[in-house]
Amino acid sequence: MPPQKIETGHQDIVHDVCMDYYGKRLATASSDSTIKIIGVNKNNTSQHLATLSGHQGPVWQVAWAHPKFGSFLASCSYDGKVIIWREGTHNEWSQAHVFSDHTSSVNSIAWAPHDINKLCLACGSSDGNIYVYTATNSGGWDTARIDQAHPVGVTSVSWAPSTAPGALVGTNLVEPVLKLASGGCDNTVKVWKLNGGIWKMDCFPALQGHSDWVRDVAWAPNLGLPKSTIASASQDGKVVIWTNAKDGDQWEGKVLKDFRCPVWRVSWSLTGNLLAVAVGENNVTLWKEAVDGEWQEVTTVD
């Protein structure tokens, strides 16, 4: 497909772009405190569908919930709030819920895998805490907190696949695994596991492969692969690939590349075999693991 330029209509920096499940709509987050919903068509055209206003500061991230739960979008902001937006008819959006538990900027949000059959959102903040909100059958939300996950600030959260490494996809015999990866201003990556209703750290010590803030973490879909994989991106210019063969084993870190400038985001393909890396020099590179375990650059998107 040829590249498509989309005019967002934002009045300030765009911090995040998220495509919906069907690939037909984009949600964008901006420093102008708004979120835009944009329809994307195959004939290389786009149209503005809605502007969502409710935050009182820069909006850092947006995330679509899986459509099996309805049409929901989450957003997080410098104002310390997380807003769940619900779509009604004809692109009319309303605030379904506003979470105000965090005492500082909320930097990252992520919906849990849809196959745990619960609407569940993790949020990481500069206050050092991670909150996990789970929708209840009565229409409310249960709240869990990982207290001081990264005391100097949480920059990123990412969910593990719900099936354990090596498990067959879609099997109902396996109890869903609830795990999170987080990155922080303490230069570390941490893994958390829900055990008996309490979130506990699942890697000792914390994963230390960076010399500056971890800007982003992304847990790869495993689709039956025999190992868990996390990518982390840092202000130090490095991307590290962390792998873990099975529960209880130590995580092993391998530097993908030193880009020699801040790395902002890492994102996996749906099959978990391609990694996109967004670097501070205005380019995106795609990487793939070769048979020998080495990572190779596949292409560059300028």
Side-chain angles (χ1 to χ4, degrees), residues 1-4 6 16-29 37-42 61-74 108-122 156-172 174 176-183 189 191 216-233 239-244 256 263-279 284-291 293 295-301:
M1 288 177 63
Q4 181 177 351
I6 295 170
D16 193 29
V17 178
C18 187
M19 185 164 270
D20 75 354
Y21 179 82
Y22 299 109
K24 292 183 176 180
R25 293 185 297 181
L26 292 176
T28 58
I37 309 294
I38 300 163
V40 183
N41 304 312
K42 288 182 179 177
Q61 272 191 8
V62 283
W64 295 93
H66 192 278
K68 73 186 275 185
F69 302 108
S71 191
F72 289 97
L73 182 74
S108 182
I109 48 174
W111 292 105
H114 67 89
D115 43 10
I116 70 166
N117 294 319
K118 294 177 184 175
L119 202 54
C120 186
L121 185 73
S156 181
V157 288
S158 178
W159 289 88
S162 62
T163 49
L168 293 173
V169 176
T171 174
N172 293 321
V174 182
V177 178
L178 286 182
K179 282 188 178 184
L180 278 171
S182 64
V189 174
V191 177
D216 198 22
V217 290
W219 203 311
N222 59 37
L223 292 184
L225 296 175
K227 62 183 178 181
S228 294
T229 305
I230 297 170
S232 60
V239 170
V240 177
I241 306 294
W242 305 91
T243 53
N244 174 272
L256 174 83
V263 187
W264 293 99
R265 297 293 288 272
V266 279
S267 179
W268 293 98
S269 63
L270 289 175
T271 48
N273 63 341
L274 272 180
L275 179 70
V277 179
V279 184
V284 176
T285 50
L286 296 181
W287 298 78
K288 191 170 187 175
E289 188 178 13
V291 178
W295 287 83
Q296 298 172 343
E297 186 176 330
V298 180
T299 185
T300 300
V301 184

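All residue numbers refer to positions in the sequence shown, counting from 1.
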Q: Could you tell me whether the side chain of Ser108 and the main chain of Val157 form a donor-acceptor pair under 3.5 Å?
A: yes
Q: Spell out, as yes or no, whether a donor-acceptor pair under 3.5 Å connects the side chain of Trp64 to the backbone of Cys18.
A: yes
Write down the atom of [X], the atom of [Y], and the distance for their closest heavy-atom approach.
X      : Y      : value
Val40  : Gln4   : CG1-OE1, 3.7 Å
Ala181 : Val217 : O-CG2, 3.8 Å
Pro161 : Pro221 : CG-CA, 3.9 Å
Ala27  : Ile37  : CB-CD1, 4.0 Å
Pro176 : Ile116 : CB-CG2, 3.9 Å
Val279 : Trp264 : C-CD1, 4.0 Å

Q: Answer yes or no: are there more than 12 heavy-atom neighbours, outside Tyr21 itself, under 6.0 Å from its atom OH?
A: no
Check whether any side-chain heavy atom of [X] sits under 4.5 Å from a side-chain heavy atom of [Y], and report yes or no.
X      : Y      : result
Arg25  : Ser71  : yes
Val191 : Ile230 : yes
His66  : Trp111 : no
Val284 : Arg265 : no

Atom pair [atom1] ([X]) and [atom2] ([Y]), whose distance is rounded to the nearest 0.5 Å:
X      : Y      : atom1 : atom2 : value
Leu286 : Thr300 : CG    : OG1   : 8.0 Å
Trp287 : Thr299 : CH2   : OG1   : 11.5 Å
Thr229 : Leu275 : OG1   : CG    : 10.0 Å
Lys288 : Glu297 : NZ    : CD    : 14.5 Å
Ser162 : Lys118 : OG    : NZ    : 12.5 Å
Lys24  : Asn41  : NZ    : CG    : 9.5 Å

